[in-house]
> 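Here it is, the structure, as structure tokens.
This chain uses plain numbering: 1 for the first residue, then up along the sequence. Nothing here was measured: the structure is a model prediction, and the numbers come from that model.
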Amino acid sequence: MDQGSIARILKQVSGGEDEIQQLQKALLDYLDENTETDASLVFSRKFYIAQWFRDTTMETEKAIKSQKDEDSSEGTHHAKDIETTGQIMHRAESRKKFLRSIIKTAPSQFSTLKMNSDTVDYEDACLIVRYLASMRPFAQSFDIYLTQ
């Protein structure tokens, strides 16, 4: 991955969100901007929003399950584990709120909300997709799957 390009894109995209949300917003801006030239980008945009929402839900469920498993096996609460679970829950809720706001916004309204429409070009969009895909659990555990 080209971390320099990712850092450049993050600098160009303004927002107080976390890094993943900034990249998601930049990619959605790019897809929305180019839907007039390629109709399949409308589907791609909806697919990404749905997939990111599902990933966030799965992350939250895993955090809750791991906390319950630790509680039942040890019988004691660890402040550090509860804190990280709380942080995961907070981050997941903020991501869900972000995705819900995008879902509720009509595509024509979404394009008026863009700050920098020329921030991301095709190559940057491809890089963002590869970077976000590398953050998914399957991509992170791909070596384990190959070994097995």
> How close do A26 and I128 get, heavy atom to heavy atom, and via which atoms?
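The answer is CB-CD1, 4.0 Å.
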
> Linking I/L/V/M/F/W/Y whenever any side-chain heavy atoms sit under 4.5 Å apart, do V42 and L31 land together?
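No; L31 is not reachable from V42 via cluster members.
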
> Under 4.5 Å between any side-chain heavy atoms of V120 and E33, yes or no?
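V120 vs E33: side chains apart.
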
> In Å and rounded to the nearest 0.5 Å, what is the CG to CD1 distance from L127 to I9?
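Reported to 0.5 Å precision, the distance equals 5.0 Å.
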
> Has D18 got a side-chain atom pairing as donor or acceptor with Q21's backbone, closer than 3.5 angstrom?
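Such a contact is found between D18 side chain and Q21 backbone.
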
> When rounded to the nearest 0.5 angstrom, what distance separates OH in Y30 from CG in L41?
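It comes to 6.5 Å.
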
> Please determine which of D55, L23, I20 meets the side-chain contact (heavy atoms from CB on, under 4.5 Å) test together with M135.
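Among the candidates, only I20 passes.
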
> Rounded to the nearest 0.5 Å, how far does CD1 of I49 lie from CD of Q24?
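Going from CD on Q24 over to CD1 on I49, the span is 9.5 Å.
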
> Can you measure from CD1 (I103) to NZ (K96) and round to the nearest 0.5 angstrom?
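It comes to 11.0 Å.
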
> Apply the test side chain to side chain contact (heavy atoms under 4.5 Å, CB included) to residues D124 and R8: give CA-CA distance (whole Å), side-chain angles for both, the deciding distance (0.1 Å), then the verdict.
CA-CA 10 Å; D124 289 343; R8 177 185 51 79; 2.8 Å; yes

> Is the positively charged end of K25 above the ring of F98, judged by distance under 6.0 angstrom from the centroid and angle within 45° of the axis?
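No, K25 does not sit over the ring of F98.
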
> To the closest 0.5 Å, what do you measure between CG (D29) and CD1 (I102)?
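Spacing of CG (D29) from CD1 (I102) equals 8.0 Å.
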
> Looking at every non-hydrogen atom in both residues, tell me the closest pair between E19 and L10 and how far apart they are.
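In terms of heavy atoms, the two residues are closest at CG-CD1, 3.5 Å.
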
> Begin from the C-alpha positions of R136 and Q51 and carry the test side chain to side chain contact (heavy atoms under 4.5 Å, CB included) through to its verdict.
CA-CA 11 Å; R136 295 182 48 84; Q51 187 66 43; 3.2 Å; yes

> Under 3.5 Å, is there a donor-acceptor pair between the side chain of D32 and the main chain of L28?
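No, D32 side chain to L28 backbone: no donor-acceptor pair under 3.5 Å.
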
> Taking a hydrophobic cluster as the set of Ile, Leu, Val, Met, Phe, Trp and Tyr residues connected by side-chain heavy atoms closer than 4.5 Å, whether directly or through intermediates, do M58 and Y48 fall within one such cluster?
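No, M58 and Y48 fall in different hydrophobic clusters.
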
> Measure the spacing between CD of E59 and CH2 of W52 and express it to the nearest 0.5 Å.
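One gets 14.5 Å once the value is rounded to the nearest 0.5 Å.
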
> Is the shortest heavy-atom distance from the side chain of R100 to the side chain of F53 under 4.5 Å?
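Contact flag for R100/F53 side chains = yes.
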
